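In this chain, numbering begins with 1 at the start of the sequence shown. Since the model is a prediction, treat every value here as computed from it, not as a measurement.
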Amino acid sequence: MTATMGPTASFRLITDMVPERDRIEVMREVYGRTVLKVDLDPLGPTQVDMKVRALPGLGIATGTSSEFRVHHSTSLIESDDLILLAALDGASVMKHRGREEAVGNGQALMMSGEEVGLNVIQPGGFRFVNMSFSLRELSPLIGDPARALMQPLATGSGPMRLLLDYVQSLQDSGDALTPETWRLATAHMFDLVALAMGATREAAEIARGRGVRVARLRAIKADIAAHGGHGGLSAEDIARRHRLSARYIRKLFEGEGTSLSDFMLGQRLLRAHRMLSDPRHSGRSITAIAFEAGFNDLSYFNRAFRRRYDATPSDVRAGASKS
């Protein structure tokens, strides 16, 4: 178990780090009743890897779990938050308000935290995003929240897809983000969930200019980073993958005071820097590394690298070998 405290407190539990004889008790008492405010009953061997983060008005839990019966009982009700459960892989069955709905890959459901409910994680385990939103803060954005309860929400596209990708990206960044960044990110997540649930006209206009824009930009940056900013990757390629226009993508970057080409160049240079610093690539020539990072012109690579890092590729390699 690991934890960090402060305005964006986080908590992580990996059951493999807990002695097997203590796992069920830790899951039930520490993670279930204390952290998540639910009763947890394992339905098979207990395997969990979960991150929880507490933000003002918002809670986030992401990870994987084996089969469990998760009961939100009367004795554990402490708030009227709205609870969102989204399935990334696997399946669960939710029972709430006299209804029963399956939550499988590509689906999400919303329930009320002030009412009892049951969630049964199915055999094979579950990879999920679970979020709790302050009803007081979310209600003005969506009007009547009751109409969204236990209504299946598609996660394959639109605001819900942006929300889930955004949350995963933020969780991966974790404690490296500043409290101010988390404050802004919280507002963006409220924007996105409001749009997914049916935002009021005024809230939708604000969200499209704020939360949607930021989440899209973050998703595009993550996409480019995953490809190392490769020289063969074009604005049109990115636009097709994200179902946007290349012009709109360029405007997203311009709104941050930079450009798409500069960001892609930075990712290619970062990839080269990492390889030059990695002893596993010590036998490769600088030219080969530059080409693999997406540069076809060695002179341009050397100039751009020196401008970015105030050092030559040879300097970086020499420094890595000394350390």
Do the side chains of R216 and D165 get close enough for a salt bridge, i.e. N-O under 4.0 angstrom? no
Presence of salt bridge, R23 and E20, under 4.0 angstrom: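 R23 and E20: not salt-bridged.
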Measuring from [X]:[atom1] to [Y]:[atom2], what's the distance to the nearest 0.5 Å?
X    : Y    : atom1 : atom2 : value
L43  : R69  : CG    : CZ    : 8.5 Å
F68  : S92  : CZ    : OG    : 12.0 Å
R317 : D278 : CZ    : CG    : 10.0 Å
E67  : D41  : CD    : CG    : 13.0 Å

If every non-hydrogen atom of L149 is compared with every non-hydrogen atom of S112, which pair is closest and at what distance? CD2-N, 3.9 Å
Between F128 and F126, what is the ring plane arrangement, given parallel below 30°, perpendicular above 60°, and tilted in between? parallel
Could you tell me how the ring of Y166 sits relative to the ring of H188: parallel (under 30°), tilted (30 to 60°) or perpendicular (over 60°)?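 It falls in the tilted class, 30° to 60°.
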Quiz question: by atom type and distance under 3.5 Å, do the side chains of [X] and [Y] form a donor-acceptor pair?
X    : Y    : result
S261 : S259 : yes
D237 : S234 : yes
D172 : S169 : no

